[in-house]
Structure formats: C-alpha cells, structure tokens
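Have a look at the structure below, then the notes.
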Amino acid sequence: MPSRTDNWWRSAVIYQIYPRSFADSNGDGMGDLPGITARLSDLRHLGVDAVWLSPFYPSPQHDAGYDVADYRAVDPLFGDLGDADKMISEAHALGLKVIIDLVPNHTSNEHAWFTAALAAGPGSPEREAYIFRDGRGPDGSEPPNDWHSVFGGPAWERVPDGQWYLHLFDVSQPDLNWGSGKVRAEFEAILRFWLDRGVDGFRVDVAHGLIKDATLADWQYAGVILGGLAPEGAPPPPMWDQDGVHEVYQRWRTVLDEYPGERILVAEAWVQPAERLARYVRPDEMHQAFNFEYLDAPWSADPLRRIIGSTMAANAAVGAPTTWVLSNHDVVRHATRLGYPVGEPRRHGIGAGDPQPDAGLGLRRARAATLQMLGLPGSAYLYQGEELGLPEATEIPDEFRQDPAWERSGHAERGRDGCRVPIPWEADAPSYGFGPSDASWLPQPATWAEYALDRQRDVAGSTYELYRSALRLRAGHGLGAGALTWVDTPADVLAYRNGDLLVLTNYGTAPAELPLNARVQLSSEPLAADGRVPQDVTVWARV
Ligand code: NOJ
C-alpha cells in the first residue's frame with residue numbers, strides 16, 4: 001500500500017475497462033470478471049497504473065448496468081463477489097489500482113427500495129427515497145414539471161396510483177432523493193462495503209446530478225444528450241451542479257480518508273465553466289474530475305491551448321491536478337470523432353446511413369491527440385481499445401442497438417453502442433479472441449482483425465507500441481507530476497514544455513520546425529525527411 005502522501009492519483013494513467021466488452025471467459029458473448037482478471041497482465045505490459053471498471057452490479061441492464069438493482073453484489077452475467085475479490089487481489093499483485101463505478105443519482109426500478117416505494121403508496125416513508133410528486137392539471141395527469149430525460153422524452157413517469165417519479169435518464173432509472181438521510185447513510189455503507197474489499201476508489205456517475213433545486217422549477221431545455229450542459233443563454237439548469245452536492249462529497253471524503261492508502265473519488269460531472277468543475281476537486285472533496293471540455297474540443301491549436309490553459313489554471317487554484325480524457329463508453333471514439341471535418345457538432349452515435357468518417361485521418365489525428373494528452377501534467381484516462389487505434393463501429397445494424405437513447409430519442413440519436421463493441425485481441429480467433437466462442441453481445445465489424453492486439457504487439461509503428469512507448473517515457477520523465485510551460489509557435493502549431501520534453505502538435509498544412517537542439521524521442525507518425533513535423537502529428541523531443 002502506498003503511504004498517504006504519495007499522491008499516486010495525481011499523475012496516474014487509468015485504463016477504463018467496460019466489463020461487457022473487454023474479455024469473455026465463458027463464451028456467452030458477454031465480457032466478465034474472470035475474463036478481466038486473466039487479461040490484467042496485458043494491461044501491466046501496456047504500462048498503465050490503474051483500472052476503472054464500469055458497473056458490474058446486478059442489474060436488468062436497461063442502461064448497460066448503470067441501472068443498479070443491488071450495490072453489494074455482482075451480476076451473474078459478470079461472475080460473483082468471489083470473482084470481484086480475485087480481480088482486485090490479482091490487480092494489486094500486479095501493481096495496478098482498482099477503481100469501481102458508483103451510481104448514486106439513480107437506482108434501477110428493480111432495486112428493492114423502488115419496488116417497496118411503489119408498493120407502499122403516496123406519502124409513505126418508502127417513497128421518500130425517490131422523487132415522487134403529484135402531477136399538474138386538474139386530474140394530475142400532467143407531469144410535475146417540464147424536464148426532459150437526458151436520453152430523450154419526458155423525465156417523469158406516472159405510476160398506477162397517479163403519482164409521478166423523476167428519472168433524468170431512462171424510465172428504468174428512478175432518481176434518488178438525496179435529501180433523505182436514509183439514502184445518504186446507505187451510500188456511506190456501500191462505500192465501506194467496497195473499501196473493505198480493497199478497492200482504491202470510485203468513479204462517481206452523474207456526480208453533478210444528486211441534488212435538484214428544491215422547487216423543481218420548470219426548465220424547458222432538453223438536456224444535451226449525455227451532456228447536461230445548458231444551451232447557450234439558458235438559465236442555470238435546476239437539476240445539475242447544485243451547491244448541495246458538495247456536502248455529499250465532503251462527507252464521502254472523510255469516509256475514504258479513514259482507510260489506509262489513498263482511496264480516491266473521481267467525478268463524472270458535465271459541468272462548465274472550469275471554475276465550477278474545480279469545486280468538485282477542492283482539497284476536502286473529490287480527487288479528480290474528468291476534463292470533458294478537453295474531450296469536446298475541436299481539432300485546432302487555439303481552442304486546445306485555451307482549454308488546456310484554463311482548465312489547468314482552474315484546478316491549480318484549488319490544488320488539484322487535471323484529469324485528461326479523450327474517449328470513454330459514452331462518446332464516439334476519438335479515432336472516429338477526429339475523422340470528421342473540424343468544427344462539426346458533436347455526434348452521439350453513427351449509423352450506416354450517416355456520413356462516414358475518414359478513417360485514416362481519424363487515426364492519424366487520434367495518435368497525435370493521444371501523444372499530446374499523455375505529455376500533459378496530471379492524470380489521464382484511456383478507454384479500452386484506444387491503444388489499438390480502434391475506431392467506432394459505425395455500421396451496426398439498427399436492430400442490434402441496445403442504448404436506451406436510441407429508442408427514447410425516437411431514433412433521432414443512434415446512441416453509444418458503437419464505442420462499446422467487444423474489443424479484438426487475436427486476429428484469427430473466434431470473436432477476435434474476445435472470448436472462446438463467436439458470440440459477441442454487439443456484432444464486431446468484419447474489418448477488426450487488423451486492430452487485434454496480436455497484430456500490433458512488438459510491431460514497430462503500431463498504435464499499441466506507440467501507446468506503450470508513450471507510457472514508458474511519460475513515467476521515465478515524470479511527466480504526470482511535471483509542469484507545463486507554453487512555447488511560442490506559429491499559428492496552427494501547439495507546443496509546450498514539460499520538464500526536459502518538448503511536446504509539439506502541428507494542426508496546419510505547413511510543416512513545423514523543431515528547435516535545432518531537439519532530440520526526438522517519439523512521434524505519432526514519421527517526420528518529414530528534413531526533420532520537420534507534418535500536419536496532424538505530435539512529437540516528443542528532448543530539448
Ligand atoms: C453516465 C454514464 O457514463 C452513462 O453510461 C450512463 O448512461 C449515465 N451516466 C446514467 O447512469
């Protein structure tokens with residue numbers, strides 16, 4: 001165990017495992033905990049410091065496990081508690097920390113509390129655990145307010161006795177009432193349950209959503225799907241980023257601090273501006289908050305320089321590191337996102353009938369983006385498969401789609417299935433080595449053999465080896481714990497120094513010069529014959 005002062009999380013590279021799609025040990029087409037445990041040594045070889053696992057709790061799986069029916073157990077799809085214990089101890093034996101997902105904003109409608117609340121009826125203490133209200137209109141047949149679900153459609157559902165309950169996400173995900181002492185006590189007990197089992201931290205789902213404005217005032221704007229940011233000019237949303245959430249995390253921090261080692265809290269909070277987000281990582285609250293502004297940034301030097309600078313400054317003001325991320329299970333993979341023309345609005349899923357990305361350009365930029373990110377001081381998150389250069393699966397037939405956003409948006413948004421397809425390990429094995437059979441809960445594209453790990457391991461120039469070299473250099477040069485200084489460059493070039501390394505990305509068509517004394521350590525693509533840096537390339541050089 002590290003000492004409380006070693007601050008491992010300030011510079012850690014944390015690899016997100018999406019359990020459904022990482023490795024399947026029993027051939028049922030669904031990834032599982034024994035599959036993960038068997039592959040941990042591959043992650044050690046890659047060179048990451050920690051893993052974060054998306055939820056593996058019992059769940060009806062209406063939102064891929066973010067609808068939790070029991071916070072103290074494992075869904076039989078993924079194994080059992082013994083498998084979770086084994087996974088944690090094996091990770092620790094390999095020197096990897098383990099972060100698990102905690103979903104406190106809502107439960108599944110199959111959670112015992114919700115079924116009890118439905119049975120107990122209006123006015124009962126059981127209903128206090130959720131946000132039940134009478135409807136509007138003479139017969140209460142109108143929802144209590146005009147809020148929209150993030151996945152589309154209304155955020156209220158009427159139950160047979162006439163009351164309505166709030167669900168900011170799917171109808172199967174009723175929002176908890178964080179004004180209830182019982183809810184607060186239960187989540188502290190859940191934290192302890194997993195801390196006692198040895199986890200090193202929690203990624204907190206919808207961390208900005210727990211507290212709603214007490215008046216439940218109308219707010220007519222549809223939540224940006226999976227974003228929750230207010231559209232330009234809208235009044236502040238009454239359901240996101242209320243001041244009351246901080247008290248919850250201050251309390252949780254005291255619980256975590258009772259445990260040996262440094263156990264951490266990571267906020268999934270779609271909050272802007274950076275100063276508001278930084279409030280989640282004040283010294284007595286959480287440790288990290290994903291920097292989604294960076295993830296959302298266009299592929300362009302000026303906005304990236306501004307966002308890197310402003311988010312680092314906002315975090316520095318509260319003494320926190322910045323937490324960089326380019327891909328996760330909710331967004332189009334960056335190897336695909338960056339294959340579209342710069343400045344196009346963010347896509348929330350891609351189908352066969354949609355404009356397709358320029359795959360070569362996307363991968364080239366993705367490699368450059370990753371080197372830019374991994375050179376920055378702070379912590380960084382990688383999403384499974386990005387180290388293979390994996391693109392989004394953009395042609396999943398619609399009948400296979402499982403993301404609730406697809407149905408709830410009336411098929412306006414294809415949703416997130418394309419970034420969740422089981423990943424390829426072996427080019428010539430069934431399901432590309434995802435599992436021992438052909439089964440895969442989402443179909444794998446026929447072209448994925450080329451991305452398989454066994455086609456890339458020890459292959460010079462492969463995306464996998466690029467990631468591995470970057471992680472080794474990052475550790476060797478102490479980049480995560482370093483400090484950034486901007487370097488003056490022509491427009492369309494972004495360059496900074498971190499310790500003895502210069503990190504330079506060229507976004508423009510004109511090749512960029514490196515300083516005369518630069519000794520190139522790594523570059524996302526080969527440099528020009530004259531040593532200049534071509535467009536869409538990042539270089540790490542010693543200066
Ligand atoms: C954010 C999670 O990352 C996403 O996958 C989920 O659908 C929502 N929160 C609701 O839990």
Side-chain angles (χ1 to χ4, degrees), residues 14 16-22 31 52-69 71 75 99-111 114 130 147-153 155 166-176 178 187 190 202-210 212 223-229 237 239-241 245 265-271 280 288-292 295-296 323 325-333 346 348-349 381 383-384 392 401-409 413-421 441-442:
I14 303 173
Q16 181 188 356
I17 293 176
Y18 193 64
R20 301 169 73 92
S21 304
F22 186 68
W52 148 39
L53 277 73
S54 283
F56 47 71
Y57 311 105
S59 160
Q61 305 286 332
H62 292 309
D63 185 21
Y66 281 94
D67 47 329
V68 180
Y71 292 85
D75 195 299
I99 295 169
I100 62 169
D101 220 304
L102 187 72
V103 188
N105 180 66
H106 43 264
T107 68
S108 160
N109 59 350
E110 293 186 18
H111 190 285
F114 192 73
Y130 295 90
W147 295 2
H148 296 261
S149 150
V150 170
F151 293 154
L166 177 70
H167 60 90
L168 289 178
F169 293 87
D170 190 49
V171 66
S172 63
Q173 293 167 299
D175 280 55
L176 284 163
W178 277 84
F187 272 85
I190 293 165
F202 302 89
R203 175 267 192 191
V204 180
D205 189 64
V206 199
H208 57 317
L210 272 46
K212 281 78 182 172
V224 177
I225 191 167
L226 303 170
L229 297 180
M239 67 291 274
W240 307 125
D241 195 29
V245 295
L265 294 167
V266 187
E268 188 234 6
W270 294 83
V271 167
Y280 289 77
Q288 302 180 331
F290 293 109
N291 184 345
F292 292 129
L295 181 153
D296 267 340
T323 300
V325 59
L326 287 167
S327 279
N328 65 30
H329 66 294
D330 287 332
V331 299
V332 170
R333 284 182 176 275
R346 182 172 153 198
H348 304 294
Y381 279 70
Y383 176 50
Q384 65 177 40
E392 185 87 354
R401 296 196 180 280
Q402 304 209 12
D403 184 349
W406 168 239
E407 289 300 332
R408 286 198 62 86
S409 69
E413 296 287 0
R414 285 223 148 61
R416 302 159 291 174
D417 295 309
C419 62
R420 299 175 173 182
V421 173
W441 70 278
L442 281 172

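Because the structure is a prediction, the values reported are computed rather than measured. Just follow the structure's listing: the first ligand is 1, and inside any ligand the first atom is 1. Counting begins at 1 with the first residue of the sequence.
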| task | Could you name the option among D205, V150, V68 that has the heavy atom nearest to atom 1 (C) of ligand 1? | result | D205
| query | Do you know which two heavy atoms are closest between G65 and P55, and how far apart they sit? | reply | O-CB, 3.3 Å
| query | Quick one: do the S59 and Y66 side chains pair a donor with an acceptor below 3.5 Å? | reply | no
| Numbering as shown, the atoms of ligand 1 that approach V206 to under 4.0 Å (heavy-atom distance) | 9 (N)
| query | Can Y71 and T107 be counted as having a side-chain donor-acceptor contact under 3.5 angstrom? | reply | no
| Under 4.0 Å to a heavy atom of H106 - the qualifying atoms of ligand 1, by number | 10 (C), 11 (O)
| request: With atom 5 (O) of ligand 1 as the reference point, say which of N105, D330, V331 has the nearest heavy atom. | output: D330
| task | Classify the ring geometry between H329 and Y18 as parallel (under 30°), tilted (30 to 60°) or perpendicular (over 60°). | result | parallel
| task | Pick one of side chain, backbone, both or neither for how F290 approaches ligand 1, counting any non-hydrogen atom pair under 4.0 Å. | result | neither
| task | Would you mind running through ligand 1 and noting each atom that sits below 4.0 Å from a heavy atom of R203? | result | 2 (C), 3 (O)
| Which ligand 1 atoms are under 4.0 Å away from a heavy-atom of F151? | 7 (O)
| note | Under 4.0 Å from one or more heavy atoms of R420, ligand 1 contributes atoms 5 (O)
| field | Side chains of R420 and Q402, donor plus acceptor under 3.5 Å | value | no
| said: Out of all atoms in ligand 1, which are within 4.0 Å of some heavy atom of R416? Include the element for each. | reply: 4 (C), 5 (O), 6 (C), 7 (O)
| said: Could you report the tightest heavy-atom contact between S21 and W441, atom names first, then the distance? | reply: OG-NE1, 3.0 Å
| message | Looking only at side-chain N and O atoms, does Y280 offer a donor or acceptor that is under 3.5 Å from a partner on D241? | response | yes
| task | Could you see which bit of H62 sits under 4.0 Å from ligand 1, with heavy atoms only: side chain, backbone, both or neither? | result | neither
